[in-house]
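In this text, all values refer to a predicted model and were calculated from it rather than measured experimentally.
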Protein chains: 2
Amino acid sequence: MTAPDRVLPAALAYSTENCTIGRAMAILGERWTFVVLREVFNGVRRFDDMARHAGIPRQVLSNRLAMLVEEGILRKEPYRPSGERVRHEYRLTRKGFDLYPVLLAVSRWGDTYLADPEGPPVELEHRGCGARVGLRMSCDAGHDIDELREVATRPGPGVRLLE
Amino acid sequence: MTAPDRVLPAALAYSTENCTIGRAMAILGERWTFVVLREVFNGVRRFDDMARHAGIPRQVLSNRLAMLVEEGILRKEPYRPSGERVRHEYRLTRKGFDLYPVLLAVSRWGDTYLADPEGPPVELEHRGCGARVGLRMSCDAGHDIDELREVATRPGPGVRLLE
DNA sequence: CACCCTAGGTCTGGTTGACAGACTCAGCAA
DNA sequence: TTGCTGAGTCTGTCAACCAGACCTAGGGTG
């Protein structure tokens, strides 16, 4: 029960309204967005497969896919299975692939804190080596970072002062 | 326009209903949850500071904080600034701190794809070294992983077969 | 004492989103 | 002609979001 420091860190002198987390979560922060993405990363690319496999309400899936296409995270591609008419599948764009670390981070956190007692239902392994896949913090200079204390916040090039 | 493989990967023979991503997103996947967490990670711990600083509707903030406390991600602690009455602040639990990689991943993705042209408003640097902080995929055996292709999905201990 | 200020909420009401279940529609197949 | 299948849309209900006003307890001020 000690008094906290009321001195706000430097970053907080700036508006967070333009902070990218808010924008990112406006896209990613809907109940099913990540579930859809997990399906696509797992190779499920078709509407009915997703709806059936992940148990997403069809209307919601429809909305989510349309939004993800509009945001440039998925693209809708026609293809023709031999002897059938043209169908469509959803595939990841580069922007979509780059969400993999987010998905992985969420997945590891969920496995740690939300899995049933017996353990997580699905695991990701390093192909060949067999060890579990995870994320490590590091800086662009290559140093590993183990402690949150080693991370500092600084204003970036797009900073905007509070009025 | 090639036909996709309709053979679902091994993981998909199992229900994803119990997959932890779904559960995690039921908690994290709401418009403001991460924005609240970002504030707390930045050292903003009090109701009014969050509401003012991040522009969150007070009712929503109230709900979000209550939910995060109930989920064991935040805890509410009383403290008394000298000469004032008792107040409350929200602090991260261990479970909450472990969300940092998720926050960092979202933040880096947002900085890359959603920032204003001039760049992200805030950056995270390695204290001392000054380089930007990011995440690297690696396996528990210590190998770096650069390609998504190196990651394979396997059933985990808590797997549950589809009926 | 009466009044004001502040932190930390609640209350109200309109708008949007989630969701289940039924319906549609095009093209192939029998 | 009828049926099947993939990929949706339509309808109606219920919950969540959100802005803006309101409330309340404790301490300070005149």
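The side chain to side chain donor-acceptor pair (under 3.5 Å) analysis of residues 54-63 of chain B, with sequence neighbours excluded, yields the pairs B/Asp48-B/Arg58.
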Please list, pair by pair, any protein nitrogen or oxygen found under 3.5 Å from a nitrogen or oxygen in nucleotides 4-6 of chain C.
residue, atom, partner, partner atom, Å
C/dT6, O2, B/Arg85, NH2, 3.2

Report all interatomic pairs (protein N or O, nucleotide N or O of nucleotides 17-19 of chain D) with separations under 3.5 Å.
residue, atom, partner, partner atom, Å
D/dC17, OP1, B/Glu30, OE2, 3.4
D/dC17, OP1, B/Arg64, NH1, 2.9
D/dC17, OP2, B/Arg64, NH2, 2.8
D/dC18, OP2, B/Trp32, NE1, 2.2

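A 4.5 Å side-chain heavy-atom check between B/Pro120 and A/Pro157 finds at least one atom pair inside the cut-off. Between B/Asn42 and B/Arg38 there is a side-chain heavy-atom pair separated by less than 4.5 Å.
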Donor-acceptor list for residues 92-108 of chain A side chains, cut-off 3.5 Å, not counting sequence neighbours:
residue, atom, partner, partner atom, Å
A/Thr93, OG1, A/Gly72, O, 2.6
A/Thr93, OG1, A/Ile73, O, 3.2
A/Thr93, OG1, A/Lys95, N, 3.3
A/Thr93, OG1, A/Gly96, N, 3.2
A/Arg94, NE, A/Asp98, OD1, 3.2
A/Arg94, NH2, A/Asp98, OD1, 3.4
A/Lys95, NZ, A/Glu71, O, 2.7
A/Asp98, OD2, B/Tyr113, OH, 2.5
A/Arg108, NH1, A/Val133, O, 2.7

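B/Arg91 has a carboxylate O that lies under 4.0 Å from a charged side-chain N of B/Glu89, or vice versa, which qualifies the two as a salt bridge.
Proximity of residues 67-75 of chain B to DNA chain C (heavy atom under 4.0 angstrom from any strand atom) is not detected for any residue.
For B/Arg46 and C/dG9, the CZ to P distance is 11 Å, given to the nearest whole Å. Atom NZ of B/Lys76 is separated from atom C1' of C/dG8 by 8 Å (rounded to the nearest Å). Across the protein-nucleic acid pair, A/Leu65 atom CG and D/dG6 atom P stand 16 Å apart, rounded to whole Å. Nucleotide D/dG6 holds its C1' atom 9 Å from the CG atom of A/Asp49, rounded to whole Å.
Distance check, rounded to the nearest 0.5 Å: OG1 of B/Thr33 to CG of B/Leu28 gives 6.5 Å.
Taking both residues in full, the closest heavy atoms of B/His126 and A/Cys139 are given as ND1-SG, 3.4 Å, listed atom of the first, atom of the second, then distance. Between A/Ala115 and B/Arg23 the shortest heavy-atom distance is C-NH1, 4.0 Å.
Under the side-chain hydrogen bond (donor to acceptor under 3.5 Å, both in side chains) criterion, B/Arg136 pairs with A/Ser138, A/Asp144, B/Asp144, not counting sequence neighbours.
Using a 4.0 Å cut-off, no side-chain N or O of A/Tyr90 falls inside it from OP1 or OP2 of D/dG6. Contact annotation: A/Ser62 does not reach the phosphate of D/dA7 (side-chain N/O to OP1 or OP2, under 4.0 Å).
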Please step through side-chain contact (heavy atoms from CB on, under 4.5 Å) for the pair A/Leu61 and A/Trp32, ending with a clear verdict. CA-CA 8 Å; A/Leu61 178 56; A/Trp32 292 104; over 6 Å; no
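Formation of a donor-acceptor pair under 3.5 Å by the A/Arg154 side chain with backbone atoms of B/Gly130 is found in this model.
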